[in-house]
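Lettering of chains follows the sequences in order, A, B, ..., and the numbering in each one begins at 1.
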2 protein chains.
Amino acid sequence: MEALLTNLKIRISDKIYIKDPESSDLGRKILKNSIELLDELGFEQFTFKKLGARINSPESSVYRYFENKHKLLLYLTNWYWGWIEYKLVIETYGIPEPALKLKKAIEVVADEVNIDNRFDHINEILLHNIVVFDSRKIFLTKDVDQENTEGHFMFYKQLAKRLTDIVQDADPEYKYAKTLVTIILEETMNQQFLKKHFPTITDCNENVSVTEVLTHMVFNNLNINNE
Amino acid sequence: MEALLTNLKIRISDKIYIKDPESSDLGRKILKNSIELLDELGFEQFTFKKLGARINSPESSVYRYFENKHKLLLYLTNWYWGWIEYKLVIETYGIPEPALKLKKAIEVVADEVNIDNRFDHINEILLHNIVVFDSRKIFLTKDVDQENTEGHFMFYKQLAKRLTDIVQDADPEYKYAKTLVTIILEETMNQQFLKKHFPTITDCNENVSVTEVLTHMVFNNLNINNE
DNA sequence: GCTAAATTAATAGTATTACTATCATTTTTT
DNA sequence: AAAAAATGATAGTAATACTATTAATTTAGC
């Protein structure tokens with residue numbers, strides 16, 4: 001099965017890029033190196049000029065792929081959520097029991113990330129760091145609403161919807177499934193951030209995983225027969 | 001009691017500003033107008049030049065109070081959390097019953113904000129909008145760790161600690177009090193944000209308040225006798 | 001009420017960022 | 001081999017995020 005799925009492509013909306021970065025050597029080089037550079041510098045310090053210097057291309061060439069660095073970050077986070085959704089579907093497909101399915105779903109979202117060899121030139125571990133650190137910045141701008149109508153956050157919303165269905169399947173009576181799901185998604189990232197930078201105000205640490213805490217919290221909230 | 005407390009001052013660490021903005025007319029003008037302008041423009045579009053234009057002072061005068069706009073935002077969010085902590089102490093002081101105290105605490109953190117006449121030149125409603133929208137940006141920079149050691153996030157951590165004690169009082173057996181508290185704090189803001197910009201992925205709306213949902217979730221998690 | 005000290009205004013200047021434009025060169029397609 | 005497309009090399013602009021300097025004004029101490 002693994003072998004069959006090589007050279008998969010996560011399809012990102014063409015409104016996010018000017019020229020599909022997956023369609024050329026330079027484009028793929030931009031993706032690979034922007035992930036590495038974003039991880040190193042953070043979003044604020046990252047510039048197309050620095051990226052250009054790193055790949056020995058003028059910044060104007062980068063601008064032929066992405067309008068600006070915000071769109072590039074948008075591309076990468078969409079890729080990340082698309083990838084998580086993809087893993088979610090595959091890994092929960094064969095599980096008939098709703099509670100077990102939910103348990104697995106939380107693992108897919110919250111567990112530590114490993115390199116996925118099916119996708120070349122994307123370092124999923126570094127990308128995960130970027131998502132933890134910078135992904136909220138794509139929402140938190142004055143253009144949210146317009147970007148939202150343009151479908152720039154589709155993958156995230158789609159993933160939230162899919163998870164909501166799983167929660168609702170596990171407990172059809174539960175009233176706040178949507179909020180519970182956004183808490184799972186946001187707090188996965190937030191708790192990972194706190195664990196690293198503010199260890200005194202979180203219970204997550206070397207021995208207690210984010211998955212463990214969130215799973216506990218979710219199942220405590222739901223009313224589930226067999227668990 | 002209200003009257004007694006007029007002209008209170010929330011003490012912000014002097015490492016955050018160059019000159020105390022509460023100490024002069026110009027300083028207070030900077031605070032008042034930066035809150036309004038940040039609310040209008042958002043953090044990214046806000047500049048000291050625009051602020052200067054609004055208050056008819058050169059930007060160089062603003063730089064005498066704050067090193068840069070990041071520090072200004074830090075000042076304002078610290079003020080906000082200091083204010084919430086202050087309200088928390090006052091409003092929960094007389095409540096002996098731990099569960100009720102916790103209930104009240106969540107209200108103080110998550111309820112809609114009103115103008116507090118004890119603090120002139122600070123519009124708490126606008127400030128709350130800024131906190132919902134921009135406050136995460138003070139953490140999410142490459143300098144977090146250094147800023148943290150310099151005590152720039154004291155108010156937030158202090159508030160988290162105080163809330164953790166209240167949770168632990170209500171249920172001494174609960175294992176994940178710290179994480180529960182950071183979820184209350186962050187999701188207060190996140191759910192308010194979603195309610196406004198992504199209503200399809202949250203249960204919070206006109207009729208269902210953020211306080212209600214978070215309270216439900218917290219109490220569902222804890223093991224509490226009388227409630 | 002005067003002097004000194006501190007604060008603010010007015011103005012100019014610099015390095016960096018976030019782009020856009022142009023044209024030459026290389027690569028790809030047919 | 002010619003045409004089309006992509007990339008490189010280079011230049012330029014407006015805005016941002018500051019720093020510096022000097023003049024004018026306000027405030028504080030006596």
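- Rounding to whole angstrom units, CD of residue A:Glu44 and P of C:dT16 are separated by 19 Å.
- Side-chain nitrogen and oxygen atoms of A:Tyr65 include at least one within less than 4.0 Å of the OP1 or OP2 phosphate oxygen of D:dT7.
- Across the protein-nucleic acid pair, A:Arg54 atom CZ and D:dG8 atom P stand 17 Å apart, rounded to whole Å.
- In this model, the phosphate group of D:dA17 is not approached by any side-chain N or O of B:Ser60 to a distance below 4.0 Å at OP1 or OP2.
- Counting any heavy atom pair closer than 4.0 Å across all strands shown, B:Phe48 reaches no nucleic acid atom.
- Comparing A:Glu59 and A:Arg64 against DNA chain C, the residue whose closest nucleotide sits nearer the 5' end is A:Glu59.
- Summarising the geometry, the separation between CD1 on B:Ile30 and C1' on C:dA9 is reported as 13 Å, rounded to the nearest angstrom.
- Of the N and O atoms on the side chains of B:Gln191 and A:Thr179, at least one donor lies less than 3.5 Å from an acceptor on the other residue.
- For D:dA17, one of the phosphate oxygens OP1 or OP2 lies less than 4.0 angstrom from a side-chain nitrogen or oxygen of B:Lys69.
- Distances shorter than 4.0 Å separate none of the side-chain N or O atoms of B:Thr47 from OP1 or OP2 on D:dC18.
- Taking atom NZ of A:Lys50 as the reference point, atom P of C:dT16 lies 10 Å away to the nearest angstrom.
- Across the protein-nucleic acid pair, A:Leu41 atom CG and C:dT16 atom P stand 15 Å apart, rounded to whole Å.
- In this structure, of C:dT17, D:dC18, C:dC19, it is D:dC18 that holds the atom nearest to the side chain of B:Tyr63.
- Mapping B:Lys49 and B:Asp25 onto DNA chain D by nearest heavy atom places B:Lys49 at the nucleotide closer to the 5' end.
- For the pair B:Lys157 and A:Phe198, the cation-pi criterion (under 6.0 Å, within 45° of the ring axis) is not fulfilled.
- The cationic group of A:Arg136 does not satisfy the cation-pi geometry with A:Phe193, failing either the under 6.0 Å distance to the six-membered ring centre or the 45° limit from the ring axis.
- Looking at B:Lys29, B:Arg54, B:Lys50 one by one, the single match for salt bridge (charged side-chain N to carboxylate O under 4.0 Å, His left out) with B:Glu36 turns out to be B:Arg54.
- If you measure from atom CG of B:Leu26 to atom P of C:dA10, you get 12 Å, rounded to the nearest angstrom.
- Applying the 4.0 Å criterion to OP1 and OP2 of D:dG8, one finds that A:Ser61 has a side-chain N or O inside that range.
- Each of A:Tyr156, A:Tyr17, A:Phe119, A:Tyr86 was compared with A:Trp79 under the ring pair (Phe, Tyr, Trp, His ring centres under 6.0 Å) criterion, and only A:Phe119 meets it.
- Summarising the geometry, the separation between CZ on B:Phe46 and C1' on D:dA17 is reported as 13 Å, rounded to the nearest angstrom.
- Both tests hold for A:Lys69 against A:Phe43: distance to the six-membered ring centre under 6.0 Å, angle to the ring axis within 45°.
- With hydrogens and angles left out, the side chain of A:Glu67 and the base of C:dC19 share no donor-acceptor pair within 3.5 Å.
- Residue B:Lys19 has a polar side-chain atom (N or O) positioned under 4.0 Å from OP1 or OP2 of C:dT7.
- Distances from the side chain of B:Asn68 to the nucleotides D:dC18, D:dT16, C:dT8 place D:dC18 closest.
- Regarding contacts with the backbone of C:dT8, every side-chain N or O of B:Ser57 stays at 4.0 angstrom or more from both OP1 and OP2.
- Ranking D:dG8, D:dT16, D:dA17 by closeness to the A:Pro58 side chain, first place goes to D:dG8.
- Atom CD1 in A:Ile18 sits about 15 Å away from atom C1' in D:dT7, given to the nearest Å.
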